[in-house]
Amino acid sequence: MIPEAHGGRLVDRVLSETERARREGERGHLPSIRPAIDQLYDLEKIAVGAYSPLEGFMDATTLDSVLETGRLPGGLPWSLPILLPVPRPEDQKVAETLRAGDDVALLDAAGGFRGVLHLEARFRFDRARVAESAYGTVDPAHPNVKELLSGPDVALAGKVESVAPRPATRGPPELTPRESRELFRSRGWSNVSAYQCRNPPHTAHEYLQRVTLEREDVDALFIHPVVGRLKAGDYRPEVIVRAYEALARGYCAPDRVVLSPFTIAMRYAGPKAALFLAIVRKNFGCSRYIVGRDQAGVGKFYDPYACHRIFDRFDVGILPLRYEEAFYCRACGSTATAKTCPHPASDRVDTSQTRIRAALASGGPIPPELLRPEVAAILREPDVLLPAADP
Ligand SMILES: [Zn+2]
């Protein structure tokens, strides 16, 4: 069954064309701030219902509840804070003059109108506490924690309204939850499994997708790569999308896979991110969710299977499909996991990103047990990684 949105109602806070024009006309009279790109992504995701039941940015009470209990004040599971900090000093001055009940125009970096915040509160938060609870560490070697600790500690709370998302100019469209649900319905799919990813697909990824598609209780796969702001050294968003397109074109039953990019900031929060990303995919209409090893982890910050166990503590209304680490085994002659392969590690091919990047960098042929040739060809193009200085 296509599940209900988290909390029972798919939020819709996208401004109609008339409202947008009215609001945009007003913006000269409204105080305005320019949030960081991550929060502009969140603004849009709240408005289209991807973060249902959230209708805006969290206040101090909601933040406390999420950090302390992993739930919203009403008791619904919710694992990560969704905050609107104010990064620019000139906007912080504006924020100090605001009062509850004020409307605030939210602008992008170029001054374009993106939405309105109906201010309910301005509050200071403890960055170290947020880091410790959400990411389980205050170690600045963690990319999200580093940004959090060096960022602003004042946030604005309140419901938002956003302009409609801009259609993609190239590549597959970024579907809204309403659009993905409508698409699933129109194809007669009841049980769609979401596939979270942030790296181009190698053979072990493909294996998890295939095994999932073989399941009797799965009608189709929703490949939903997170391609918002990533971290330095990650593959560029368009590279990730093109690699999945190549895999889908060459190796997937075309009527059982949907590929759509998902622009949000990647939160490398391990188990809490896995739960958050699952809730979000339920809002997109998926009833199943693939959780591999160390999902949404970074470095060695998380136990690789903590992302499985968190689903035992929180029932978020989507069935987690939990898979052990997959690898190619030369003795089996196939991709496998420890559940099926009896052979020692010496028979198994390491499909880690480190190994794959080393193989790509070597310039030599790429073993087909690592990458499909169509994917390898894309990853060998120049300039596929985000440089350290990318904003
Ligand atoms: Zn084996």
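Reckoned from all heavy atoms, side chains included, excluding hydrogens, waters and symmetry mates. Remember, it's 1-based here, ligands and their atoms both numbered in the order they're listed. By convention here, the first residue in the shown sequence is residue 1.
- Judged by a 6.0 Å distance limit and a 45° cone about the ring axis, Arg372 is positioned over the six-membered ring of Tyr251.
- Closer than 2.8 Å to the Zn ion (ligand 1) sit the protein N, O or S atoms Cys329 SG, Cys332 SG, Cys341 SG, His343 ND1.
- Applying the ring-ring contact (aromatic ring centres under 6.0 Å, His included) test to pairs two or more places apart or on separate chains, those with a residue in residues 30-64 are Tyr51-Phe276.
- Residue His224 forms a ring pair (Phe, Tyr, Trp, His ring centres under 6.0 Å) with just one option from Tyr244, Phe262, Tyr289, and that option is Phe262.
- Sorted by first and then second residue, the salt bridge (Lys or Arg N to Asp or Glu O under 4.0 Å) pairs with a member in residues 93-121 read Arg23-Asp103, Glu44-Arg114, Asp108-Arg114, Asp108-Arg166; sequence neighbours excluded.
- Here ring-ring contact (aromatic ring centres under 6.0 Å, His included) pairs that include residues 313-365, with residues two or more places apart or in two chains, number zero.
- With respect to Asp234 and Arg198, no salt bridge is recorded, no charged nitrogen being found less than 4.0 Å from a carboxylate O.
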